[in-house]
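Here is how names work: the chains are called A, B, and so on, in the same order as the sequence lines, proteins then strands, and each is numbered from 1.
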Number of protein chains: 2
Amino acid sequence: MFSKACEYGIKASTYIALQSLEMNRVSLKEIASEINSPIAFTAKILHKLAKNDILESVKGPYGGFQIKKERIDSIKLAHIVAAIDGDDIYNGCALGLDECNALQPCPLHEKFVGIRSDLKKMLENTSLYEVATGLEVGLTFLKR
Amino acid sequence: MFSKACEYGIKASTYIALQSLEMNRVSLKEIASEINSPIAFTAKILHKLAKNDILESVKGPYGGFQIKKERIDSIKLAHIVAAIDGDDIYNGCALGLDECNALQPCPLHEKFVGIRSDLKKMLENTSLYEVATGLEVGLTFLKR
DNA sequence: CTTATTTAAGATAATTTTGTCCGAATAGCA
DNA sequence: TGCTATTCGGACAAAATTATCTTAAATAAG
């Protein structure tokens with residue numbers, strides 16, 4: 001469904017959001033350990049998310065990653081996915097055709113219209129805030 | 001969504017089904033040309049599908065691939081996907097956790113329950129017959 | 001029974017994705 | 001200023017996926 005990079009990106013953003021809600025800036029090392037991901041690879045992904053204005057990075061001692069508290073609710077999963085995997089997941093053809101639309105559909109086009117639109121809506125409507133708070137109360141998990 | 005291999009597998013099976021409905025056995029070369037796929041790679045995929053009892057292969061002159069007419073309706077997309085990509089697409093965790101279920105869910109688990117179940121149902125209920133007949137009447141396309 | 005045609009099967013190669021390493025840049029602190 | 005913790009950014013490496021090539025095996029037809 002998502003690439004590994006995107007999985008790490010979502011998990012990392014969720015953890016950073018959770019900590020940011022409590023005013024904590026978190027280091028790469030801590031993030032990677034909390035989400036069980038390879039450190040250096042995670043760094044690249046966080047870097048990309050920072051460039052895409054999804055999170056902020058601070059260099060130097062006591063540096064790390066954070067998200068402005070007031071933005072946590074307006075950042076949606078779709079933003080993260082788009083930054084890392086692009087929009088193929090809901091805009092691309094299930095069979096990989098370059099031109100696949102209602103006029104020239106692949107054999108599965110109609111079958112996927114509903115599913116892809118549900119997925120798109122879900123990603124566009126789910127905020128980092130919503131995702132992080134489940135974690136906070138111990139209802140959901142980022143590793144295992 | 002699907003791997004390239006799976007995309008080719010679905011497209012190839014659809015074309016073979018269409019031709020089998022008209023009693024035509026089709027060669028690898030013809031299939032690859034009809035679905036715009038690399039010949040040798042397609043051969044591997046067809047071979048796998050044959051081993052999985054989804055289609056039949058016949059060696060030698062006038063050989064090729066075919067599907068028993070009476071089976072075309074009972075072969076579902078889910079069978080093809082399972083043979084090539086496995087069942088991760090509807091059973092795996094969206095965030096890649098090994099253990100992710102209602103009791104120990106990842107933060108996206110609940111969000112994906114409906115989408116994955118819809119996808120699963122769709123793949124399990126869509127037969128090769130249904131997919132091939134759209135092609136037959138020129139309503140859908142396998143390349144472009 | 002020989003030849004031509006076609007799939008089978010495995011080795012190899014190219015590409016993409018995933019992952020590592022290391023020096024540079026930045027910032028806090030003594 | 002100089003030391004240290006940390007991200008930045010690019011080069012490099014490993015693994016997975018996609019794709020090619022070559023030879024073998026099967027089989028229909030002359």
Side-chain angles (χ1 to χ4, degrees), chain A residues 1-13 15-16 19 24-33 35-67 81 83-86 88-89 92 95-96, chain B residues 1-13 15-16 19-20 24-67 81 83-86 88-89 92 95-96:
Chain A
M1 196 72 130
F2 300 125
S3 69
K4 227 74 178 101
C6 194
E7 289 177 10
Y8 296 147
I10 294 172
K11 288 193 270 193
S13 302
Y15 182 70
I16 296 167
Q19 292 302 318
N24 298 323
R25 183 182 292 162
V26 283
S27 74
L28 168 64
K29 215 188 292 183
E30 180 180 343
I31 295 166
S33 139
I35 71 172
N36 232 334
S37 66
I39 295 188
F41 190 44
T42 306
K44 304 226 143 151
I45 297 161
L46 294 180
H47 184 43
K48 197 169 201 171
L49 291 175
K51 270 196 194 157
N52 276 268
D53 207 39
I54 287 165
L55 41 85
E56 297 170 285
S57 68
V58 179
K59 287 183 183 176
Y62 302 93
F65 297 87
Q66 63 193 19
I67 305 178
V81 174
I84 302 177
D85 277 355
D88 254 28
I89 199 174
L95 296 184
Chain B
M1 195 72 128
F2 300 128
S3 69
K4 227 74 179 103
C6 195
E7 290 177 8
Y8 296 149
I10 294 172
K11 288 192 269 193
S13 301
Y15 182 71
I16 297 167
Q19 292 301 319
S20 292
N24 298 323
R25 183 183 292 162
V26 284
S27 74
L28 168 62
K29 214 187 295 183
E30 179 180 342
I31 295 166
S33 138
E34 285 297 325
I35 71 172
N36 232 335
S37 66
I39 295 190
F41 190 46
T42 306
K44 304 228 144 148
I45 298 160
L46 293 180
H47 184 208
K48 197 170 201 173
L49 291 175
K51 270 195 192 159
N52 276 269
D53 208 36
I54 287 165
L55 41 84
E56 298 170 285
S57 68
V58 178
K59 287 183 183 176
Y62 302 92
F65 296 87
Q66 63 193 20
I67 305 178
V81 173
I84 301 176
D85 277 354
D88 254 28
I89 199 173
L95 296 184

OP1 or OP2 of [N] less than 4.0 angstrom from a side-chain nitrogen or oxygen of [X], does that happen here?
| X | N | value |
| --- | --- | --- |
| A/S57 | D/dT6 | no |
| A/H47 | D/dG9 | yes |
| A/Y62 | D/dT4 | no |

Listed nucleotide nearest any side-chain atom of [X], set [options]:
| X | options | value |
| --- | --- | --- |
| A/L28 | D/dT7, C/dA11, C/dG28 | D/dT7 |
| B/A5 | D/dA5, D/dT18, C/dT26 | D/dT18 |
| B/K4 | D/dA25, D/dT18, C/dT18 | D/dT18 |

Straight-line distance of B/D88 CG to B/S3 OG, nearest 0.5 Å
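Answer rounded to 0.5 Å: 11.5 Å.
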I want to check something: taking the side chain as every heavy atom from C-beta on, are B/S13 and B/L55 in contact at a cut-off of under 4.5 Å?
yes
Quick one, A/F65 and A/Q19 - any side-chain contact, counting heavy atoms below 4.5 Å?
no
Quickly work out the [X] [atom1] to [N] [atom2] distance and round it to whole Å.
| X | N | atom1 | atom2 | result |
| --- | --- | --- | --- | --- |
| B/I84 | D/dT17 | CD1 | P | 13 Å |
| A/I16 | D/dT7 | CD1 | C1' | 12 Å |
| B/I39 | D/dT22 | CD1 | P | 14 Å |
| A/R25 | D/dT7 | CZ | C1' | 12 Å |
| B/L49 | C/dA8 | CG | C1' | 15 Å |
| A/K44 | D/dA13 | NZ | P | 13 Å |
| B/F41 | C/dT16 | CZ | C1' | 13 Å |
| B/E7 | D/dT18 | CD | P | 9 Å |

Is it true that a side-chain atom of B/N52 and a backbone atom of B/K48 form a donor plus acceptor pair closer than 3.5 Å?
yes
Taking the side chain from B/S33 and the backbone from B/K29, do they hold a donor-acceptor pair closer than 3.5 Å?
no
Is there, by distance only and without an angle test, a donor paired with an acceptor across the side chain of B/K29 and the base of C/dT5 below 3.5 Å?
no
Specify the residue among A/C6 and B/V26 whose closest nucleotide of DNA chain C lies further upstream toward the 5′ end.
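It is B/V26, whose closest nucleotide lies nearer the 5' terminus.
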Let me know, please, whether B/A40 or A/Y8 comes out on the 5' side of the other along DNA chain C by nearest nucleotide.
B/A40
Whichever of A/A50 and A/P61 has its nearest DNA chain D nucleotide further upstream toward 5':
A/P61
Reading DNA chain D from 5' onward, which residue's closest nucleotide shows up sooner: A/I31 or B/D85?
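Upstream on the strand: A/I31.
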